[in-house]
There are 2 protein chains.
Amino acid sequence: MLVNSRFDATDGTGRIFAHMTAVDKSDGTVGKALAVLDQIASYGRPVRFAELLGDSPLPKATLYRFVQTLTNQGMLQYDVERQTYAPGLRLVRLAHSAWAQASLAPVARPHIDALSHETGETVHLAQLDHAQVLYVDKRNARDPVEMFSQAGKVGPAYCTGVGKAMLAHLPEPELTTVLAQQSWHQFTPATHGSPESLRAELAEIRATGISFDREEHEIGIICVSAPILNSQNRPLGALSVTGTTRRTNLDALAQLGPRLQQAARAIARDAESWVFPQSAAPHTMSQGERPYVRSDA
Amino acid sequence: MLVNSRFDATDGTGRIFAHMTAVDKSDGTVGKALAVLDQIASYGRPVRFAELLGDSPLPKATLYRFVQTLTNQGMLQYDVERQTYAPGLRLVRLAHSAWAQASLAPVARPHIDALSHETGETVHLAQLDHAQVLYVDKRNARDPVEMFSQAGKVGPAYCTGVGKAMLAHLPEPELTTVLAQQSWHQFTPATHGSPESLRAELAEIRATGISFDREEHEIGIICVSAPILNSQNRPLGALSVTGTTRRTNLDALAQLGPRLQQAARAIARDAESWVFPQSAAPHTMSQGERPYVRSDA
DNA sequence: AACAAGGTTTCAAATAATGAAACCAGTTGC
DNA sequence: GCAACTGGTTTCATTATTTGAAACCTTGTT
């Protein structure tokens, strides 16, 4: 049984983004459970069981059991008062590991620190995750303009600077699948509306090695971005410097291009030679020492 | 089959902490899969299959299939080059939701901002998660927030200011179970070594409403902390202001006690009345639109 | 060339997931 | 006050998935 599904949800600020549930491929029970988890996360707010059920292809009893299991496991948190479910804190604990090990953030840290210091603007570090842009780190500009971006947040690939920078260097078979997964929602008049339109720009980006966001995702927000490429030219991530049209303009940002590329190259270099500190290794484990006690807090 | 297990791992800075895998309770296949995920996260570095197998109670084929499934699902990331597994980026995406919805961080934000501004010291916001302290936010006085570099870290409950503040207000049956899960590792000469020793201090903390870390976890690090209690006096979390013995002392920190308590009360009040912005709600879902494509990046 | 270690696949038996339907509150309407 | 809801929880025979010992590859080593 396949449980393919696509979510269109609005985030807190009202923007629409496509969210693919990484599901099925017949990954059995575990896959289905994780799909439920994804579904719950997609609402962006605590949800009641009934609402969940309405949106789910699963039968009542099945969904119920999954939600129970996930709650037991700390992957979901149940609010007795309001009778709602929300993603649980265990995820935060796990994400800390993921962030430290699977993302470019630890490697890139000194480089983006330097960049934000030099430019005084907001710097983003993003990676591609299931056809979407996942922001893994960020340095705020001096005056913190609250923006659609924080570590862990996702955004569309087809209309952001970092997204386009990475797409431009994606090898062909993959690019097609990824483009097919974009929502092509028209955020602003400047947003690309189709794969064809975007492909034209991607060629140019590939040539120059720099991409821009010309208010394609959000009016008043522009950015310049450079891809982080490994030695086989595969995009590992992308860096960007973002500004508002009030305070800067595309020409000014374009000046930062070379500096961005330099930082991107440095990160790529460091990433290849990066080895985890062996000191962090010592790991012992003893079994069955204590019973797990369900937290019913 | 129960898969109880306990990990003792050192984090990057060399501190030892007990890490309980929230497992079993016969949560079926999903529970076992999540245990594997926890195990992998516990190493703090990418691991090879063989090492995983050595530490796992599961038979080769079973563990193998779990790792495959989790990788397919983006919960793990496989490094083809080094043949290692690490927690995957999907967790970062999910954790963003969890952090925003299940933690006190969004509610507490303005309050801890104010606190760190006023004191100029490091402020922590923590919650209790499976007998451990989970830091959910932090203000570094200097640097801006870096989400998962700090949030998501876990620490021991029995020898930190925030941990003791929360334990002091835990109702009895629970307190006993939680105390039984502490490692009682002697980090410094001042570390409590047993439940009895700690219980004495907890009574005092309950009376004063303020707890201190007197270099119990790390030499040179002291802090003052206040619990965040809901209307039924249940600890939802704790706040702390941390300093080094070089720059400050316990008496100076004690002065901040009332201010901390005030902030804690404010957070508790806000948390009770907190309702998720309804605007974030609109959620639609359409099924079977696009196939999920495995990312073999 | 033979060996070893790490990783992957097979397949019948054992186990866990499934979901229709019954059940059990609270709530609302009359 | 009763009856019909609505939303949530449990049951249980059926069905499908997981399980794991063992065989099997594949790659690197002596």
Side-chain angles (χ1 to χ4, degrees), chain A residues 1-5 23-40 43 45-73 75-86 281 283 287 292 294 296, chain B residues 1-5 23-37 39-40 43 45-73 75-86 281 283 287 294 296:
Chain A
M1 180 213 279
L2 297 188
V3 198
N4 294 332
S5 51
V23 182
D24 72 273
K25 206 67 178 181
S26 64
D27 265 339
T29 313
V30 174
K32 289 177 216 161
L34 293 177
V36 172
L37 189 59
D38 248 8
Q39 190 197 145
I40 292 174
Y43 291 85
R45 63 181 162 82
V47 269
R48 302 197 53 159
F49 178 75
E51 188 171 3
L52 230 40
L53 181 61
D55 294 337
S56 175
L58 301 172
K60 212 178 180 184
T62 305
L63 181 64
Y64 182 71
R65 251 177 290 105
F66 275 137
V67 166
Q68 288 293 81
T69 304
L70 290 171
T71 304
N72 264 326
Q73 294 289 326
M75 301 296 278
L76 288 181
Q77 203 167 53
Y78 181 62
D79 181 334
V80 191
E81 186 103 352
R82 304 181 216 267
Q83 298 192 106
T84 54
Y85 295 91
H283 170 93
Q287 276 168 210
Y292 166 74
R294 170 177 180 171
D296 19 25
Chain B
M1 181 214 278
L2 298 188
V3 198
N4 294 332
S5 51
V23 182
D24 72 275
K25 205 65 177 182
S26 63
D27 265 339
T29 313
V30 175
K32 290 177 216 163
L34 292 178
V36 171
L37 189 58
Q39 190 197 148
I40 292 175
Y43 290 86
R45 65 184 159 80
V47 269
R48 301 198 53 159
F49 177 76
E51 189 171 2
L52 231 40
L53 181 61
D55 293 337
S56 175
L58 301 172
K60 211 177 181 184
T62 306
L63 182 64
Y64 182 71
R65 251 177 289 106
F66 275 137
V67 166
Q68 289 292 82
T69 303
L70 290 171
T71 304
N72 265 326
Q73 293 290 328
M75 300 296 278
L76 288 180
Q77 203 168 53
Y78 181 63
D79 181 335
V80 192
E81 187 104 350
R82 304 183 216 266
Q83 299 193 107
T84 54
Y85 295 91
H283 170 93
Q287 277 169 209
R294 171 177 180 170
D296 19 26

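Protein chains get the first letters and strands the later ones, always in sequence-line order, with residue 1 at the start of each.
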query: Touch check for B:R48, heavy atoms < 4.0 angstrom, all strands: base, sugar-phosphate only, or nothing?
result: sugar-phosphate

task: Mind calculating the distance between CZ (B:R82) and C1' (D:dT27) to the nearest angstrom?
output: 19 Å

field: Nucleotide of C:dT9, D:dT10, C:dA17 approaching A:R65 most closely (side-chain heavy atoms)
entry: C:dA17

query: Expressed in angstrom and rounded to an integer, what is the separation of A:Q68 atom CD from D:dT11 atom P?
result: 13 Å

query: When you check the side-chain N and O atoms of A:D55 and A:Q39, is any donor under 3.5 Å from an acceptor?
result: no

task: Report yes if a side-chain nitrogen or oxygen of B:K32 is closer than 4.0 Å to either non-bridging phosphate oxygen (OP1 or OP2) of D:dT18; otherwise report no.
output: no

message: On DNA chain C, does the nearest nucleotide to B:F49 precede the nearest nucleotide to A:A61 from the 5' side, or the other way round? Give the residue.
response: B:F49

message: How many whole angstroms separate atom CD of B:Q83 from atom P of C:dT8?
response: 7 Å

field: Check: A:K60 side chain, C:dG19 base, donor-acceptor under 3.5 Å
entry: no

Spacing of A:N72 atom CG relative to D:dT9 atom P, expressed in whole Å: 13 Å

- prompt: Phosphate oxygens OP1/OP2 of D:dT17: is one of them under 4.0 Å from a side-chain N or O of B:T29?
  reply: no

statement: Rounded to whole Å, CG of B:D79 lies from P of C:dG7 at a distance of 13 Å

message: Nearest to the B:T62 side chain among D:dG20, C:dG19, D:dG8, which nucleotide is it?
response: D:dG20

query: Counting distance only, does the side-chain N/O of B:S56 pair as donor-acceptor with the main-chain N or O of B:L52 below 3.5 Å?
result: no

task: Have a look at A:F49 and tell me which of A:Y64, A:Y78, A:Y85 forms a ring pair (Phe, Tyr, Trp, His ring centres under 6.0 Å) with it.
output: A:Y64

field: Chi angles and distances behind the side-chain contact (heavy atoms from CB on, under 4.5 Å) call for A:L37, A:L34
entry: CA-CA 5 Å; A:L37 189 59; A:L34 293 177; 4.2 Å; yes

message: Please determine whether a side-chain nitrogen or oxygen atom of A:Y64 lies at a distance below 4.0 Å from atom OP1 or OP2 of D:dG8.
response: no

- prompt: Between C:dT9 atom P and B:L63 atom CG, what is the distance in whole Å?
  reply: 15 Å

field: B:T62 side chain vs B:L58 backbone, donor-acceptor pair below 3.5 Å
entry: no

- request: Name the residue closer to the 5' end of DNA chain D, choosing between B:F66 and A:A50 according to the nucleotide with the nearest heavy atom.
  value: A:A50

- prompt: What integer distance in Å separates A:L53:CG from C:dT18:P?
  reply: 15 Å

